[in-house]
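Note on naming: letters A, B, ... go to the chains in the order of the sequence lines (proteins, then strands), and numbering restarts at 1 for each one.
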There are 2 protein chains.
Amino acid sequence: MPSEKRDSSESDRTRQVVNHIRALLEKGALRPGDRIPPERELARELGISRASLRTGIGYLVAMGVMKVRHGVGTFIEDGPAEFNKSSLGLMGALHGFQFWQMFEARLIIEGSLAALAAERGKDEHHVALAEQVAEMFSIANNPEDFLKHDVIFHRIIAQASGNPILAALIETINSAMYEKRRKTVKRATYLRHMAEMHREIFRAIRARDAAEARKQMEEHLRVAEDAQKAEPRRPLPPGSFQQDGEKKLAAAHSD
Amino acid sequence: MPSEKRDSSESDRTRQVVNHIRALLEKGALRPGDRIPPERELARELGISRASLRTGIGYLVAMGVMKVRHGVGTFIEDGPAEFNKSSLGLMGALHGFQFWQMFEARLIIEGSLAALAAERGKDEHHVALAEQVAEMFSIANNPEDFLKHDVIFHRIIAQASGNPILAALIETINSAMYEKRRKTVKRATYLRHMAEMHREIFRAIRARDAAEARKQMEEHLRVAEDAQKAEPRRPLPPGSFQQDGEKKLAAAHSD
DNA sequence: TGTATTCTAGTGGTCAGACCATAGAAAGCT
DNA sequence: AGCTTTCTATGGTCTGACCACTAGAATACA
C-alpha cells in the first residue's frame, strides 16, 4: 500500500480540530470575524477533551487563522492575510536572518506588487491610494501618523496587485519590520520627500505604467533602507536578528 | 508611559515558553537538530505546568521552529527554513487563494532568486547544481525521482541567492504545491525537455548572467504551469484552494 | 555466535475536573 | 441618568493520572 503523506508535526486530535475548522472555512460556514463555539461546548461536539481542542486552536492561532480574546471568545482572523507576526522573528532567531535581507525581500516583492497593481488596479484602488497620499502631505510633520498612512498605502498596493499570496508574504515581512520603522521615522526630517515618492508611485500605478511603478517603488525602498542604516547603531535589542551568519550548504541536500 | 506592544494572540505562559526558546536560539545554546529536555523536566525548570509548556511548544511547532516526535523527544527543526507546511493551505482556505496566484508568486520570487544566485553563487553551488542536472538527464524516465532532483535543484538556487528569507518563502510555497506537482509529473512525457531547461538555468547562473538566469527560470516555470493546467480537471480535492473569489477592499483600511 | 523476539524505560499524547483571570452585561446605588 | 458593584460567560492554568509510541536492552531461539 502506498503510505499516505503524513505531516508528523500534528497529532491526531490536533489534526482533527484543524481539519474541522478548515472544512468549515472551505464550505463558507465560517468567515473572517466569526466566532466559534465556546471551548467546552465545541470539545463536547467533537468528542475530544477541552485540552486537545485547545491544542488545535493554539495551532490555528499560531498560523494566523484564528484569534483568541480572553473572556470573550475565539474568532476567525479578519485582518489582511498574513502569517503570524512573530513567525519571521522566530525563524530569524533560528536561521540568522539579517536586516538587509528583509529589505532585499521587500524590494523584490513590493516592486513586483507595484507593477502588478499598475496592470490590474481598479478605480477604487486609485482613489484609496490618492487619499493616503493626500493624508501624507497634510500631516507631514507627525511621524507616527505618517507611518500609519505609509503602511496603509503599501497595503492597498498589495491588495490592488490581485495576488493575495504575495500580499500575505509582504504583510508578514512588513509586520516584522514595523517596530524598527517606527523608531526610524520618528526622527525623520524627510517626510515631505517620502510623501513625494509615494505620489510618484501612485501616479505610475494610475497611469498603468508597470515598469515605472516598479522603478519608483524600488527607489523609494532604497531610500527607506538608507534612512534605516543611518540610524545610530545601538546594541541588539532582544528579538532582533543577528549581525552576521553564514549558513552551510549541507541542509539543502536533505532528502 | 508609552504602552508596550502586545501581541494579544499569545497568553503569558505561551509567551514565556516562546521567549525562553528564542533566547536559547539567539544565544546559540540551541541549534537546529538539538533536542530540548523532556516536557516534565522543562516544565519544572520553568515553573509552569506541563500543559502550559505544551501550549508553547505547540505554538513553536506550528511556526516551523520545532518538531515533535512521539515517544522520542522534541527537537529544533533542522531542515531548510520554511513556515509550517500547512500554513499556506489554511490561509488559502481562509482567504481564497487560487493556484494561478501561487504560480505567479513562484514566478516572481524564483525569478529573482535565480538572478541573485547568478550574482552571488559560489563554486560549491555550481557544482551542486550541475550534479542535479546530470541526475535529471540520467533518470529522465522516472518521474518520481525526477521531481526529487527538481526540488533539490530549486532549493540550491534559493540557497545560492544568499537570502534565506526569500528562500524560506519559496520553500513554503513549493511545499504547498508539492503534492499537486507530484501528480502532474507522473504522466509527464516531457521530462527531457524539463532537464534541458534546468540545464539552461544552470548555465546562466554559472555564467553569472543574472538577466538570462531570470529569463530562463521564468520560462521554465511558465512551461510547468501550462503542464499543470493541461491536467484533467477533477473535483476539488479536500484541502485545495477555491476556484474563484473576489475580495473586498474593506479589510485593507483596518487600523 | 548471530538473529529474532519480547520486555521495559523514557517520552510525548490525551483525559478529567477543578479553579483562576478577564471582559462584558446586568443589577444596584446615588 | 450615571456611576459602581456584582454576576456570568468564556478563555487560561494547574494537577495528576493514564494511554501510545519508540528505541534499545534483555531474552530466547537457532
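Scanning atom types as modelled, one donor and one acceptor separated by under 3.5 angstrom connect the side chain of B:R50 and the base of C:dG13. With hydrogens and angles left out, the side chain of A:H70 and the base of C:dA23 share no donor-acceptor pair within 3.5 Å. With hydrogens and angles left out, the side chain of B:R40 and the base of C:dG12 share a donor-acceptor pair within 3.5 Å.
Between A:G47 and B:E39, it is B:E39 whose nearest contact on DNA chain C lies nearer the 5' terminus.
A side-chain donor-acceptor contact under 3.5 Å links B:D150 and B:H154. Between the side chains of B:H198 and B:Q132, not a single donor N or O lies within less than 3.5 Å of an accepting N or O.
At whole-Å resolution of the value, CZ in A:R15 and C1' in C:dG13 are 14 Å apart. In this structure, B:R35 atom CZ and D:dA23 atom P are separated by 12 Å, rounded to whole Å. As rounded to whole Å, 12 Å separates atom P of C:dT11 from atom CZ of B:R44. Following rounding to the nearest Å, B:K67 (NZ) and D:dT22 (P) show an atom-to-atom distance of 14 Å. At whole-Å resolution of the value, CG in B:D12 and C1' in D:dT13 are 11 Å apart. When rounded to the nearest whole Å, the span between CD of A:Q16 and C1' of C:dC15 equals 14 Å. For the pair A:R13 CZ and D:dC19 C1', the interatomic distance rounds to 11 Å; values are reported in whole Å. One interatomic measurement links the two molecules: CG of A:L53 to P of D:dG12, which rounds to 11 Å at whole-angstrom precision.
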Step by step, work out the side chain to side chain contact (heavy atoms under 4.5 Å, CB included) result for B:V17 and B:Y59. CA-CA 9 Å; B:V17 174; B:Y59 194 88; over 6 Å; no

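Using a 4.0 Å heavy-atom cutoff across all strands shown, A:T74 reaches sugar-phosphate atoms only and no base atom. Within 4.0 Å (heavy atoms only), A:R69 reaches sugar-phosphate atoms of the nucleic acid but no base atom.
OP1 or OP2 of C:dC15 lies within a sub-4.0 Å distance of a side-chain N or O belonging to A:S52. Dashed line: the shortest gap from a side-chain N or O of A:R54 to OP1 or OP2 of C:dT14 is not under 4.0 Å. Under 4.0 angstrom from either OP1 or OP2 of D:dT13 there lies at least one side-chain N or O belonging to B:S11.
Listed candidates were C:dT11, D:dG12, C:dT14. Nearest to the side chain of A:S49 is C:dT14.
For the pair B:R182 and B:E179, the salt-bridge criterion is met [side-chain N within less than 4.0 Å of a carboxylate O].
The backbone N or O of A:T14 lies less than 3.5 Å from no partner atom in the side chain of A:T55, so there is not a single donor-acceptor pair.
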